[in-house]
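Whatever order the structure lists ligands and atoms in, that order sets their numbers, starting from 1.
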Amino acid sequence: MTSKRQKNLETNTPSLFSFTLAELREYFSSNSLSKFSADQIFGWCYKKYMFEVDCWSNVSNKTKAHIEQYLDNHIPEVVWVGLSKDGTRKFIVKMKDGETVESVIIPSKDRLTMCISSQVGCAIGCTFCYTGTMGFKRHLGSHEIIGQYLALSKWLIDNIDQNLRISNIVYMGQGEPLHNFDNVKKATEIFMESKGAALGQRKITLSTSGLVPQIEKLASFPPVNIAISLHASNDDIRDELMPINKRYDLQRLFQAIDKIPLKAFRRITYEYLLIKDFNDGQSDIKGLCRLLNKSKSKINLIPFNEYPDSKFKRPKEDKILWFRDQLIKAGYVCTIRQSKGNDILAACGQLNGTWSEPNKNK
Ligand code: SAH
Ligand code: SF4
């Protein structure tokens, strides 16, 4: 019999956290175990954050022994936590092979939003993004995406308040989620299981830099909120910011977006990075108005978050408000994303694995 220690060192043992509920039921049935155990185990792991088989009082010993031998219930480890003065927490989470990613928890009035990573590093290389400067290391498996959520959920109940629950997930951490389509899709399906984490489709947002072939496959993805990192209204400016635009320009991007099946009254969110004296003028507003359909779009302005040696600057506050007001006057739904966690490099685009400060903040 494989020992638990041996099993946890083997990387090809399937993770318990890579199964949807239907898959786990089917797996147990095909191994002559009670398929109802799958529902019980989902409750223990995704509702109570109890991952050790010894804790599962209503699961049979036979099933537990099987899991001990053949499945991996390892959860990534929280190795560092930083607390911003606005309440945002940045976590460094270590995977089994030692690679680390960042996950962020952002509290607001009625939500606790988790910003989750989908890859170690990112291959897209946008010129304004700190993560982009790291290059690409590897995709995360679906269990490692789920693992960040489970590790942080457990950390919150152990360290802050046992009633705290993450209410929303945004794929806006490290990585381009659509570059890791299958694993992100599987993780999303698992997040939505009603007997598990039970996050509804409106509670999950996928942000993409514009990978056209994968956008064209979104009909096969759970119908979550979609955000497109647009950042420019013409190809010259977008080419400078996002090398992906040279492969899939705005015309191709919008042809693909037009095919996304949207339920009635749903809108696509367009993220627009506001950079001082670069894309924050009247001509940019006109360009956006030409490009975006008022009834199907929502614009989310993201004032540029500066980081060490960043070549761009953030516009002044009155310029940001002026830009928003012009778009609202033109008839758009337009909001400004409040940047959270700047002081600990936890805001959008500031994630690059930096966590050298002493870990004294909880
Ligand atoms: N890779 C995906 C999701 C992660 S980035 C994407 O690009 O959409 C999440 C958001 O942060 C994106 O809209 C991205 O363009 C934005 N972002 C990146 N660097 C930033 C910076 N320095 N300041 C503000 N937003 C930034
Ligand atoms: Fe990657 Fe998104 Fe950063 Fe671009 S903005 S480098 S796609 S993480």
Side-chain angles (χ1 to χ4, degrees), residues 88 90 101-104 106 113-140 145 148 168-181 183-184 187-188 204-212 214-215 218 224-232 237-248 253 257 268-276 278-280 298-315 320 335-343 345-354:
T88 297
K90 170 161 124 175
V101 294
E102 282 143 324
S103 321
V104 179
I106 309 148
T113 301
M114 174 174 179
C115 177
I116 205 162
S117 291
S118 54
Q119 298 177 316
V120 184
C122 182
I124 307 292
C126 302
T127 56
F128 52 81
C129 174
Y130 212 7
T131 310
T133 64
M134 290 172 66
F136 175 69
K137 280 216 179 139
R138 69 170 176 83
H139 292 305
L140 292 181
I145 299 171
Q148 290 167 71
N168 293 64
I169 289 199
V170 294
Y171 284 103
M172 295 187 189
Q174 284 174 24
E176 164 49 55
L178 289 187
H179 183 203
N180 189 11
F181 191 93
N183 289 325
V184 170
T188 306
I204 302 177
T205 301
L206 183 139
S207 171
T208 177
S209 58
L211 284 185
V212 162
Q214 285 83 346
I215 291 176
L218 278 176
V224 298
N225 303 316
I226 301 294
I228 307 279
S229 291
L230 188 61
H231 305 331
I237 295 186
R238 201 162 189 268
D239 280 351
E240 255 190 74
L241 294 174
M242 308 175 77
I244 185 103
N245 198 64
K246 296 186 182 139
R247 196 151 18 126
Y248 308 114
L253 176 62
I257 292 172
I268 301 264
T269 297
Y270 292 91
E271 297 165 282
Y272 189 90
L273 193 65
L274 269 178
I275 302 176
K276 183 170 188 249
F278 187 78
N279 64 354
D280 60 349
K298 194 161 108 186
I299 303 171
N300 192 209
L301 302 174
I302 317 179
F304 179 70
N305 289 316
E306 296 178 18
Y307 53 83
D309 299 327
S310 54
K311 64 173 183 174
F312 296 114
K313 293 269 169 279
R314 181 190 183 92
I320 297 169
T335 49
I336 298 171
R337 184 178 300 167
Q338 299 303 332
S339 44
K340 298 272 185 124
N342 277 44
D343 52 338
L345 290 185
C348 286
Q350 294 182 318
L351 304 178
N352 88 330
T354 308

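Heavy-atom distances between G173 and ligand 1 reach below 4.0 Å in at least one pair. Note on ligand 1: C122 sits outside its first shell, no heavy atom being nearer than 4.0 Å. Heavy-atom separations between Y171 and ligand 1 include at least one value shorter than 4.0 Å. Within the structure, ligand 2 has G125 among the residues with a heavy atom less than 4.0 angstrom away.
Counting backbone and side-chain atoms alike, C126 contributes an N/O/S atom closer than 2.8 Å to atom 4 (Fe) of ligand 2.
A side-chain contact (heavy atoms from CB on, under 4.5 Å) with L178 is found for one member of I226, L218, V212 and no other, namely L218. Considering L274, L241, N245, I275 in turn, L241 is the only one that fulfils the side-chain contact (heavy atoms from CB on, under 4.5 Å) rule with H231.
For the residue pair Q119 and E176, no side-chain donor N or O sits within less than 3.5 Å of a side-chain acceptor on the partner.
At under 3.5 Å, not a single nitrogen or oxygen of Y307, backbone or side chain, sits near a nitrogen or oxygen of ligand 1. An N or O contact shorter than 3.5 Å links S229 to ligand 1 by distance.
Using a 4.0 Å cut-off to heavy atoms of S209, the atoms of ligand 2 that qualify are 7 (S). Annotation for ligand 1: atoms under 4.0 Å from non-hydrogen atoms of G175 are 1 (N), 2 (C), 3 (C), 4 (C). Interface atoms of ligand 1 facing F304, defined by a heavy-atom separation under 4.0 Å, are 21 (C), 22 (N), 23 (N). Here is the list of ligand 1 atoms found below 4.0 Å of a heavy atom in L273: 23 (N), 24 (C), 25 (N), 26 (C). Within ligand 2, the atoms closer than 4.0 Å to a non-hydrogen atom of C129 are 3 (Fe), 5 (S), 6 (S), numbered from 1 in the order shown. Of all the atoms in ligand 1, the ones that sit under 4.0 Å from a non-hydrogen atom of S209 are 6 (C), 7 (O), 8 (O). If you number the atoms of ligand 2 from 1 as listed, the ones under 4.0 Å from a heavy atom of C122 come out as 1 (Fe), 6 (S), 7 (S), 8 (S).
Of all the heavy atoms of I302, the ones lying under 4.0 Å from any atom of ligand 1 belong exclusively to the side chain. For I124, no heavy-atom contact with ligand 1 is shorter than 4.0 Å. With a 4.0 Å cut-off on non-hydrogen atoms, E271 touches ligand 1 through its side chain and not its backbone. With a 4.0 Å cut-off on non-hydrogen atoms, H231 touches ligand 1 through its side chain and not its backbone. At a heavy-atom distance under 4.0 Å, atoms from both the backbone and the side chain of F128 approach ligand 1.
For the pair Y270 and I268, the minimum side-chain heavy-atom distance is below 4.5 Å. Proximity of V170 to T113: side-chain heavy atoms (C-beta onward) are separated by under 4.5 Å at one or more points.
By the 30° and 60° cut-offs, the orientation of the rings of F304 relative to F312 is perpendicular. Relative orientation of the H139 and H179 rings is perpendicular, given thresholds of 30° and 60° on the angle between their planes.
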Between L211 and I124, does a side chain to side chain contact (heavy atoms under 4.5 Å, CB included) hold up when you go through it step by step? CA-CA 10 Å; L211 284 185; I124 307 292; 4.1 Å; yes

Go through the steps to decide whether E271 and S207 satisfy the test side-chain hydrogen bond (donor to acceptor under 3.5 Å, both in side chains), and finish with yes or no. CA-CA 9 Å; E271 297 165 282; S207 171; 2.7 Å; yes

Residue pair I228, T208: steps toward the side chain to side chain contact (heavy atoms under 4.5 Å, CB included) verdict: CA-CA 5 Å; I228 307 279; T208 177; 3.9 Å; yes

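Atom CZ of R247 is surrounded by 12 or fewer heavy atoms from other residues, nucleotides or ligands within 6.0 Å.
When the heavy-atom distances from atom 9 (C) of ligand 1 to M172, Q174, E176 are ranked, the shortest goes to M172. For atom 8 (S) of ligand 2, the nearest non-hydrogen atom from the set G135, G132, G175 belongs to G175.
The side-chain contact (heavy atoms from CB on, under 4.5 Å) search around P177 returns S118, Y171, V184, L206, not counting sequence neighbours.
Side-chain atoms of S117 come within 3.5 Å of backbone atoms of Q174 as a donor-acceptor pair (strictly under, hydrogens ignored).
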